[in-house]
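Heavy atoms only: backbone and side chains are in, while hydrogens, waters and symmetry mates are out. Residue numbers begin at 1 in each chain, while the letters A, B, ... track the order of the sequences.
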Amino acid sequence: MIKAVKGTRDILPPASRVWNHVEEVARAVMHSYHYGEIRTPIFEETSLFARGVGEETDIVSKEMYTFEDRDGASLTLRPENTAGVIRSFIEHRLDQVPGLTKVYYIGPMFRRERPQKGRYRQFAQIGAEAIGSESPAVDAEVIEMVIEILTRSGLEGFRLLINSVGCKECRARYVAELRRQLAASAANLCQDCRRRVETNPLRVLDCKVPEDQPVIDALPSILDFLCEPCKTHFAAVRTYLDDRAIQYEIRPRLVRGLDYYMRTTFEVVHGALGAQNSVLGGGRYDGLAESLGSKVPAPGIGFSIGEDRLVMSVEEAQPDRHKDAADLFIAPMGDNALRHAALLARDLRRNGARVGIAFEGKLKRILELANKTGARYVLIVGDNEIQSGAYTLKNMATGEQESVSRERLTEVLYGGNH
RNA sequence: GUGGGUAUAGCUCAGUCGGUAGAGCGCUGGAUUGUGGUUCCAGAUGUCGUGGGUUCAAAUCCCACUACCCACCCCA
């Protein structure tokens with residue numbers, strides 16, 4: 001039997017309803033913040049991610065789906081979408097378009113990792129980017145927007161974590177200091193951390209090995225190393241979040257994995273996700289456009305929600321809020337009735353009702369089916385009903401039946417008295 | 001890439017000391033000519049993950065492999 005490849009999966013109805021719901025909420029919220037949808041290709045030149053995400057990151061060094069095109073070009077399935085959006089921004093000279101560039105995307109990303117709870121090789125992200133301003137007010141609005149999406153999706157019990165990772169200059173000073181202190185206590189660190197001291201000292205900060213915690217606790221906070229502009233920026237972000245009464249926790253240890261982040265970084269965590277407790281991550285990336293070849297500065301900030309994880313968390317909160325069920329299920333008695341019922345179903349559907357129709361089977365069987373699928377009403381259409389112009393409408397919850405005209409049927413379905 | 005766990009019906013799982021497989025749910029038909037849910041009756045579905053070994057005999061013991069899950073690394 002051919003099965004879905006490792007780390008990929010089918011989203012079937014009715015579970016797909018939750019996905020639809022989450023996406024509808026996200027679109028509505030982002031439209032209300034005046035974001036427009038951007039659709040970029042699902043694969044790009046490999047060099048885009050190497051330069052954008054960072055050559056040394058795990059994503060680029062060992063997780064990309066890279067393949068050679070027939071003409072020899074190296075292409076890669078996108079592992080994230082910020083680099084693609086910035087590429088598009090530069091290519092189409094969106095800096096020339098009046099106002100901030102505010103775009104969102106929903107779609108699949110690909111990383112060749114070992115799958116586990118909340119982690120897939122093909123996964124979906126809902127993300128947004130606001131490009132063209134360094135203002136901390138934009139940071140706050142982006143965070144407000146993403147919190148709005150989570151809340152209106154029905155997510156409960158999540159926590160917002162924020163931090164500032166500084167700019168090139170102040171982070172470099174901080175990293176140097178970390179290296180200095182960690183080198184001194186390397187003997188007390190786990191294998192991974194000893195390696196991290198060389199590769200990426202910031203990662204030592206969120207090491208989970210208990211034995212390492214004393215050393216980590218003694219390390220300085222990056223917030224004490226921020227230069228004046230970065231300090232001011234972070235303070236302003238916090239003020240704007242306070243204005244909105246958005247609850248957050250400052251986590252100086254919060255480091256994001258992608259190289260391009262600077263200044264504001266944030267993350268939302270939720271308990272339903274196992275070891276991958278992060279529902280979304282985001283941050284500011286002021287130098288990214290230039291490093292991808294933009295001749296003009298294009299400071300930006302964005303986030304991406306792990307849609308798989310959000311859906312998982314929402315399901316945890318409200319397991320059966322989204323049921324698939326027909327408003328009306330039509331039971332035609334015989335071939336004549338089926339032809340009549342088909343036209344009736346079409347008209348009712350055009351008016352927005354969710355209508356099912358039984359193409360075969362005895363009435364008993366059809367009622368069983370309607371019952372199992374949760375249909376609210378069954379309409380029995382037989383030759384005598386067609387002739388008399390009065391159908392038999394059965395309320396499946398109460399078992400009551402009435403003889404209804406076409407007008408009365410419409411009234412029951414759309415009249416709001418049910 | 002590393003570690004641990006699991007693998008028996010569509011799903012969730014039981015299966016004793018090695019004697020050739022079961023339950024619940026679901027599915028199909030009937031009790032009911034055009035009336036569902038509850039109930040009753042009947043029925044179908046298995047490469048016991050794959051391959052090998054031990055044995056008169058393997059779902060069960062041994063070996064290898066594969067898949068899935070969880071965790072590490074890292075991230076959404």
With a non-hydrogen cut-off below 4.0 angstrom, is Arg196(A) in contact with a base, only sugar-phosphate, or nothing?
sugar-phosphate

Counting only heavy atoms from other residues, nucleotides and ligands, does the tally under 6.0 Å from CZ of Arg346(A) exceed 12?
yes

How many Å lie between CZ on Arg203(A) and C1' on C75(B), as a whole number?
8 Å

Which atoms of nucleotides 32-38 of chain B (N or O only) lie under 3.5 Å from a protein N or O atom, and what are those distances?
| unit_1 | atom_1 | unit_2 | atom_2 | d |
| --- | --- | --- | --- | --- |
| G34(B) | O6 | Asn384(A) | OD1 | 2.1 |
| G34(B) | O6 | Asn384(A) | ND2 | 2.8 |
| G34(B) | O6 | Glu385(A) | OE1 | 3.3 |
| G34(B) | N1 | Glu385(A) | OE1 | 3.1 |
| G34(B) | N1 | Glu385(A) | OE2 | 3.0 |
| G34(B) | N2 | Glu385(A) | OE2 | 2.8 |
| U35(B) | O2 | Lys394(A) | NZ | 2.8 |
| U35(B) | O2 | Gln401(A) | OE1 | 2.6 |
| U35(B) | N3 | Gln401(A) | OE1 | 2.4 |
| U35(B) | N3 | Gln401(A) | NE2 | 3.3 |
| U35(B) | O4 | Gln401(A) | NE2 | 3.3 |
| G36(B) | N7 | Lys394(A) | NZ | 3.2 |
| G36(B) | O6 | Gly399(A) | N | 3.3 |
| G36(B) | N1 | Met396(A) | O | 2.6 |
| G36(B) | N2 | Asn371(A) | OD1 | 2.8 |
| G36(B) | N2 | Met396(A) | O | 2.5 |
| G36(B) | N3 | Asn371(A) | OD1 | 3.4 |
| G37(B) | O4' | Asn371(A) | ND2 | 3.0 |
| G37(B) | N2 | Met396(A) | O | 3.4 |
| G37(B) | N2 | Ala397(A) | O | 3.2 |

Which value, in whole Å, describes the distance between the C1' atoms of nucleotides A58(B) and U16(B)?
15 Å

In whole angstrom, give me the gap between the C1' atoms of G15(B) and C48(B).
10 Å

In whole Å, what is the span from the CG atom of Leu12(A) to the C1' atom of G10(B)?
13 Å

Keeping Arg376(A) on the side-chain end and Leu328(A) on the backbone end, is there a donor-acceptor pair under 3.5 Å?
no

Give none if A67(B) has no partner; otherwise give the nucleotide forming a Watson-Crick or G-U wobble pair with it, both distances under 3.5 Å.
U6(B)

Paired with G36(B): which nucleotide, if any, by Watson-Crick or G-U wobble criteria at under 3.5 Å for both distances?
none

In this structure, how many angstroms lie between the C1' atom of A76(B) and the OH atom of Tyr120(A), rounded?
11 Å

I want to confirm an ordering. Mapping Gly274(A) and Leu280(A) to their closest nucleotides on RNA chain B, which one lands closer to the 5' end?
Gly274(A)

U39(B) to A59(B) separation - P atoms, rounded to the nearest Å
36 Å

At less than 4.0 Å, is any side-chain N or O atom of Lys62(A) found next to OP1 or OP2 of C74(B)? Yes or no.
no

Counting any heavy atom closer than 4.0 Å, what does Val378(A) reach on the DNA or RNA strands: base, sugar-phosphate only, or nothing?
nothing

Return the value, rounded to whole Å, for the distance between atom NZ of Lys117(A) and atom C1' of C74(B).
19 Å

With both distances under 3.5 Å as the test, what is the Watson-Crick or G-U wobble partner of G1(B)?
C72(B)

Taking for Asp308(A) and for Ala4(A) the nucleotide of RNA chain B with the nearest heavy atom, the one nearer the 5' end belongs to Ala4(A)

Would you compute the distance between atom CD1 of Ile222(A) and atom OG of Ser164(A) and round it to the nearest 0.5 angstrom?
6.5 Å

C70(B), G29(B), C74(B): which one has an atom nearest the side-chain heavy atoms of Gln116(A)?
C70(B)

Taking the side chain of Glu63(A) as heavy atoms from C-beta outward, which of C74(B), C75(B), A71(B) is closest to it?
C74(B)

Base-pairing assignment for G46(B) (Watson-Crick or G-U wobble, both under 3.5 Å)
none

Distance from Thr151(A) atom OG1 to Glu148(A) atom CD, nearest 0.5 Å?
6.0 Å

Can you confirm whether the side chains of Asp242(A) and Tyr248(A) place a donor and an acceptor under 3.5 Å from each other?
yes

Could you give the distance separating G24(B) and U33(B) at their C1' atoms, to the nearest angstrom?
35 Å

Taking the same atom, P, in C13(B) and in C69(B), what whole-Å distance lies between them?
14 Å

Say we look at G10(B) and G26(B): how far apart would their C1' atoms be, to the nearest angstrom?
7 Å

Pick out the pairs of N or O atoms, protein on one side and nucleotides 1-8 of chain B on the other, that lie under 3.5 Å.
| unit_1 | atom_1 | unit_2 | atom_2 | d |
| --- | --- | --- | --- | --- |
| U2(B) | O4 | Arg114(A) | NH1 | 2.5 |

Counting Watson-Crick and G-U wobble pairs only, both distances under 3.5 Å, name the nucleotide matched with A59(B), or none.
none

Taking the side chain as every heavy atom from C-beta outward, state whether Ile380(A) and Tyr391(A) have any atom pair closer than 4.5 Å.
no

Gap between atoms CG and P, on Asn277(A) and A71(B) respectively (whole Å)
11 Å

For nucleotides G4(B) and U45(B), find the distance between their C1' atoms and express it as a whole number of Å.
34 Å

I want to check a possible cation-pi pair here: Arg238(A) against Phe234(A), using under 6.0 Å from ring centre and within 45° of the ring axis as the test.
yes

Between P on U28(B) and CD on Glu360(A), what's the gap in Å once rounded to a whole number?
12 Å

Is the closest side-chain donor-acceptor distance between Glu113(A) and Tyr120(A) under 3.5 Å?
no

Atom-to-atom span, NZ of Lys3(A) to C1' of C69(B) - whole angstrom:
12 Å

Cation over ring, Arg111(A) on Phe123(A), under 6.0 Å and within 45°?
no

What is the pairing partner of G24(B), taking Watson-Crick or G-U wobble pairs with both distances under 3.5 Å in any strand?
C11(B)

What's the CZ-P distance between Arg121(A) and C69(B), to the nearest Å?
10 Å

Answer with yes or no whether the side chains of Asn351(A) and Thr410(A) bring together a donor and an acceptor at under 3.5 Å.
no

Between C25(B) and A14(B), how many Å separate the two C1' atoms, rounded to a whole number?
14 Å

Without hydrogens or angle criteria, can the side chains of Asn163(A) and Thr265(A) be said to hold a donor-acceptor pair below 3.5 Å?
no

Are a donor atom and an acceptor atom from the side chains of Glu129(A) and Tyr285(A) found within less than 3.5 Å of each other?
yes

